[in-house]
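To start, the structure under review is shown below, and the notes come after it.
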Amino acid sequence: MNRRHGMESKLGVGGGTVSIEAQNNLDRAEDLCRRRKPAKALPFLLKAMEDGNNLDAFVQAAFLFPLPEALKALENAEAKGREGLKQRLGATCFDDGSKEVGKFYSILETRPYMRVLQAQVRLYFEAGLFGKSSDTMIEMLRLCPGDNMSQRTWLGSMLLSAGRTADALSFVKQWLAHNRRQTPARGGTIFQTPTSDCLSSEHEQALMKRGDGSMLHTAALACFRLWGDCPVARQYLRLAAHANPTILTKILAKIDKPRSLNNNPRGFNSPEEAQDYLWLTQDLWMDPAVWKWANDDVDAKKSLLKSCSNVNCGAVEQNVTQFKRCAACKEAVYCTQECQKSHWKAHKPTCKQQKQIKDMVRAYQKGKPIPDGAHMASADFANGMSFINWA
């Protein structure tokens, strides 16, 4: 959760461990960076960094530095944050079995430190240090197995990039487990040797209804790497194509890898989630043997072929990405411009609503006023308290 909307917006960054002056300077710097004015942001960042507890200022500054210096700045911030938490929470707060491990992030004072680790994950990846990025996520999940910072959608990809294919499959299988009632131990990072057994029909049906597309793609790729074109690899590929068809569509169409993460509002298995997964993992799927295997799977490709959204048409794609998407909502697809024009009157209300929802959430995330008549709420829980923010 954006710290400006959660409990930190009322109790201060890290539950009040950062001075109000330093927090205000950080907010101004972040706003200027968001408007792509880093030179103007730097003086405010330097002032914010005078408070040694203001780890978020070090994170923001790191993204303005060249990569080697950025990594060094974050490693220094991580060491500073670790020492500060030991002083505030106790010398054993990072030890397994302590009352803090497993509850990081739900303890407000730990949130700035967790954001430092999250920044390290990204910059290690950009530097090609996939092993370090993976290890940092594994540490985050040890500290916070419930994964309040959504690292589970990244870790499988990173383990694949680091050459830890069996660990990647073990990890996603724990999160995709049938009838899972609780969070996997250590957030799924107690790795086990995976088997090539196929999923039961009951488990397959459950994943068809609510499977995470990013994890299912990772499972499919990991199975192919481990055992080649086997039944379980094809099973996961079909499920992945059904859950989030945008991912495999862009892979098979050989569309260029995204240049960056998608910072827009997103839903479960949305195009925005697909962009983030492809930013992390597309290079692995473009290996000629992997791409050919996926492209040759007729059953998986059937999930990617779309029908024209004009109910009076009924045309179906013959090739992946043959039809064009509505530029506004990105959801409806049409076989021709004529079909889109004739269907516009029926599609317009839904299209307008989808765009308004995304615009509203985007404004809320950036701290801007939301449109008149619209309402949003968010909930945050920490330190035994709950906080509801209405906008």
Side-chain angles (χ1 to χ4, degrees), residues 1-3 8 13-14 17-18 26 29-30 33 38 41 45 48-49 51-86 89 93-95 100-164 167-168 171 186-189 214 260-263 276-277 279-281 283:
M1 171 178 288
N2 188 315
R3 61 179 176 78
E8 289 177 285
V13 176
T17 58
V18 175
L26 172 62
E30 288 179 339
C33 287
L45 272 179
M49 291 165 67
D51 184 335
N53 293 324
N54 199 352
L55 300 181
D56 290 284
F58 290 87
V59 169
Q60 186 64 63
F63 284 100
L64 302 182
F65 297 158
L67 203 49
E69 288 78 6
L71 290 172
K72 187 177 295 185
L74 288 178
E75 287 165 357
N76 289 337
E78 188 276 332
K80 185 187 293 288
R82 177 178 286 263
E83 186 58 34
L85 287 176
K86 286 182 176 181
L89 303 179
C93 66
F94 284 90
D95 296 347
E100 291 83 14
V101 167
K103 298 179 181 178
F104 271 55
Y105 194 83
S106 64
I107 303 171
L108 274 181
E109 290 85 350
T110 66
R111 291 189 180 185
Y113 176 79
M114 295 294 283
R115 289 191 286 264
V116 171
L117 296 186
Q118 188 175 47
Q120 284 184 311
V121 165
R122 176 171 175 176
L123 291 187
Y124 281 141
F125 170 75
E126 292 184 3
L129 301 172
F130 307 128
K132 280 194 170 185
S133 187
S134 298
D135 289 343
T136 303
M137 278 187 276
I138 291 168
E139 173 67 0
M140 291 180 72
L141 288 167
R142 181 183 76 90
L143 297 173
C144 180
D147 190 29
N148 293 73
M149 305 186 78
S150 300
Q151 295 304 295
R152 63 184 178 274
T153 56
W154 281 47
L155 181 53
S157 296
M158 208 66 67
L159 289 167
L160 287 174
S161 295
R164 297 171 61 177
D167 288 346
F171 174 75
R186 283 184 178 242
T189 61
S214 297
S260 63
L261 293 169
N262 191 311
N263 295 317
D276 288 356
Y277 179 81
W279 183 75
L280 288 165
T281 325
D283 288 343

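These figures come from a predicted structure and were not determined experimentally. Reckoned from all heavy atoms, side chains included, excluding hydrogens, waters and symmetry mates.
- Contact record, Asp276 with Asn262: OD1-N, 2.7 Å, taken as the closest heavy-atom pair.
- Aromatic pair Phe94/Phe104: ring centres closer than 6.0 Å.
- Residues Met140 and Val121 form a side-chain contact, since some pair of their non-hydrogen atoms from C-beta on lies under 4.5 Å apart.
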side-chain contact (heavy atoms from CB on, under 4.5 Å) evaluation trace for Leu89 with Thr110: CA-CA 9 Å; Leu89 303 179; Thr110 66; 3.9 Å; yes

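- By the 4.0 Å N-to-carboxylate-O rule, Glu139 lies close enough to Arg82 to be salt-bridged with it.
- Inter-residue side-chain proximity for Leu123 and Phe63 is flagged as met; some heavy-atom pair is nearer than 4.5 Å.
- Nearest heavy atom pair, residue Pro38 against residue Leu64, reads CB-CD2, 3.7 Å.
- Across all non-hydrogen atoms, the minimal contact from Phe58 to Leu74 is O-CD2, 4.4 Å.
- The side-chain heavy atoms of Thr189 and Arg142, taken from C-beta on, include no pair separated by under 4.5 Å.
- The backbone N or O of Ser157 lies less than 3.5 Å from a partner atom in the side chain of Ser161, making a donor-acceptor pair.
- Rounded to the nearest 0.5 Å, atoms CD (Gln151) and CG (Leu117) are 9.0 Å apart.
- The shortest distance between side-chain heavy atoms of Arg164 and Met158 does not fall below 4.5 Å.
- Between Gly131 and Ala162, the closest heavy-atom pair is N-CB, 4.0 Å.
- Using a 4.5 Å heavy-atom cutoff, the side chains of Arg115 and Leu55 are not in contact.
- Separation of the Phe130 and Tyr124 ring centroids does not fall under the 6.0 Å cut-off.
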Worked check of side-chain contact (heavy atoms from CB on, under 4.5 Å) between Arg122 and Leu261: CA-CA 10 Å; Arg122 176 171 175 176; Leu261 293 169; 3.7 Å; yes

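- Of all heavy-atom pairs spanning Ala48 and Leu26, the tightest one is CB-N, 3.9 Å.
- Between the CG atom in Leu143 and the OG atom in Ser106 there is a gap of 11.0 Å [rounded to 0.5 Å].
- Distance alone, capped at 3.5 Å, places no donor-acceptor pair between the Glu109 side chain and the Ile107 backbone.
- Within the 3.5 Å criterion, the main-chain N or O of Thr136 finds no donor-acceptor partner in the side chain of Gln120.
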Full working for side-chain contact (heavy atoms from CB on, under 4.5 Å) between Leu71 and Lys132: CA-CA 11 Å; Leu71 290 172; Lys132 280 194 170 185; over 6 Å; no

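- Here the CG-OH distance, from Leu85 to Tyr113, works out to 7.5 Å after rounding to the nearest 0.5 Å.
- With rounding to the nearest 0.5 angstrom, the CZ atom of Arg186 is 13.5 Å from the SG atom of Cys144.
- We find the CZ-CG distance between Arg152 and Leu141 to be 9.0 Å, quoted to the nearest 0.5 Å.
- Cys33 contributes atom SG, which lies 5.5 Å from atom CG of Leu45 (distance to the nearest 0.5 angstrom).
- Asp51 contributes no side-chain N or O that, together with a main-chain N or O of Val18, makes up a donor-acceptor pair within less than 3.5 Å.
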